[in-house]
Protein chains: 2
Amino acid sequence: MLYLFCSIKFVNKTVNKIRQWTQNINFQYITTMTKHQNNKEMAILEAARNEFLEKGYDGARITSIAKSAGVTHAMLHYYFKTKEQLFTGIFDDFIHQVVGNMTELFNDSDKPFIQQVEDAVSVHFDFIKENPQIPLFVIREIATHPERIELIKDSVASTIGGFFGTVQKGIDQARINGEICDIDAINLLFDVLSLNAFTFLARPIFFAVFGRLTADDSVFIELRKQEILKTIHKRLAI
Amino acid sequence: MLYLFCSIKFVNKTVNKIRQWTQNINFQYITTMTKHQNNKEMAILEAARNEFLEKGYDGARITSIAKSAGVTHAMLHYYFKTKEQLFTGIFDDFIHQVVGNMTELFNDSDKPFIQQVEDAVSVHFDFIKENPQIPLFVIREIATHPERIELIKDSVASTIGGFFGTVQKGIDQARINGEICDIDAINLLFDVLSLNAFTFLARPIFFAVFGRLTADDSVFIELRKQEILKTIHKRLAI
DNA sequence: AAAAATATTAACAATTTTGTTAGAATTTTC
DNA sequence: GAAAATTCTAACAAAATTGTTAATATTTTT
């Protein structure tokens, strides 16, 4: 769960031992932290995750996070030097979770390509359904602080790049087999991402306006999923 | 442009004359403000609009707005009592702009329904292209402050409700004519909104990751538009 | 031109928010 | 069990942020 991320406390500890402190130590190459090794630190991370997801960086409050975690805010500054640093770790974590989920969507199988795509759409939809705040979180933070994406650009680009290549190969082969019509990988994936993510981006507004018309939140979400599967299916069909 | 909105100064002025001050005076029924009537007030509104669009309510700063507008922040509090009040006016304005644009998408014509839809998709896409920050702005503010939608819920719901009815009638008739396949208005409009809005929601991320692959921002945007038109067309085709 | 209304400024103030520090308490290491 | 490292607390502090106020300048009305 926690990629590229460990606390200042952990770095300090490590550094005390190995005596190699630098300000910009590369977190990636330090052994990842054992979970539940430290209750308070984990409580802070959990609280910070929720606070940042819900309110974004600008709306989040260090004191509010500390209160949720059941610690003083001085404690929070002890484990994580600044708000920015606490945020960066959590942000990187989400980015890798999103990218990781995407790149695992296609698993080699003998199924027809159109079926593989539908499976991927379904898995992706369910992932966002389980993590409905992530799309807005990522979009909002990149939009308000564009410089943040620089930190992860290269690592993400290569991962995603390979993934797009895989999908494009699948498309090319399916085209040769006469299974699908013409489309390129980027547009197909952008369509899927748009339809799936926007369902949950717009949900609060939709239910504020149309709540009285629809029986139930989950009923509408399931209807959207079926509609998206149909839309993508028809987009690929010859 | 400015719906349901006038400044405290203007209300004060009006109230001084008509001697009918109440705290919750209904702005809607006060004569709308003449543009350019007051340079400083307009400069504040313009600056606030940009600041809120760019940074959201939580990230926006009264002093920053005042500086952009070339006035002291005391001046800003003179025209608009609080940050919240300044924001509310601008927010309402955006909501009505978005809803207004949507409800004007379908104009009665003799064209085949599928062509009417494609025209609407194109107009809607271009609207967001001209106002690319609005979708994130609205989604973000509703997500972080859900109570705000209550202020406009009823007025918006009825407007949108009527619009959905119009679209549904068009669908029903086109179905009878054998022009399109089965779909309901809400899903169709949600599809269009998803594909169009997400293009611009994801653009900063997309270009951070894939910028090097694509020649130009505007080229990609145009490609997306064509892809969306194709996707909606195939979704409706029998 | 006098009076009234409106616009503007500068200084002040309350609160929030992030961050620090010195020292005490606890745990770990030797 | 002594020394060292660490965890933790309470109080402090600096800066940012929103908002107020009293006095002054300007414009509008009569």
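Below, read A as the first sequence line, B as the second, and so on, with proteins coming before strands; counting in each chain starts at 1.
Between His145(B) and Tyr57(B), the ring planes lie perpendicular to each other; the angle is over 60°, past the 30° to 60° tilted range. The aromatic rings of His77(A) and His73(A) stand perpendicular to each other, their planes meeting at an angle above 60°, with 30° marking the opposite boundary.
The NE2 atom of His77(B) sits 5 Å away from the C1' atom of dT18(D) (whole-angstrom rounding). Following rounding to the nearest Å, Asp58(A) (CG) and dT17(D) (P) show an atom-to-atom distance of 10 Å. Rounded to whole Å, atom P of dC8(D) lies 12 Å from atom CG of Leu76(A). Atom P of nucleotide dT17(C) and atom CZ of Phe80(A) are separated by 21 Å, given to the nearest angstrom. Atom OH of Tyr78(A) and atom C1' of dA24(C) are 14 Å apart (whole Å). Counting to the nearest Å, the P atom of dG19(C) and the OH atom of Tyr79(A) are 18 Å from each other. As a whole-Å value, the separation of Ile65(B) CD1 from dT17(D) C1' is 12 Å. The nearest whole Å value for the distance from the CE atom in Met75(B) to the C1' atom in dA11(C) is 16 Å.
Contact check, Lys81(A) against dT18(C): no side-chain N or O comes under 4.0 Å of OP1 or OP2. Remark: Lys40(B) is in phosphate contact with dT8(C), judged by side-chain N or O atoms under 4.0 Å from OP1 or OP2.
Between the side chain of Lys83(A) and the backbone N or O of Ala60(A) there is at least one donor-acceptor pair closer than 3.5 Å.
Residues Phe207(A) and Phe220(A) bring their aromatic ring centres within 6.0 Å. A centroid separation of 6.0 Å or more is found between the aromatic rings of Phe94(B) and Phe87(B).
Nearest to the side-chain atoms of Thr82(B) among the listed nucleotides dG19(D), dT20(D), dT9(D) stands dG19(D). Among the nucleotides dT20(D), dT17(D), dT9(C), the one closest to the side chain of Arg61(B) is dT17(D). For Ala74(A), the listed nucleotide lying nearest its side chain is dT21(C); candidates were dT21(C), dT20(D), dG19(D).
Using a 4.0 Å heavy-atom distance criterion, Ala66(B) is classed as making no nucleic acid contact.
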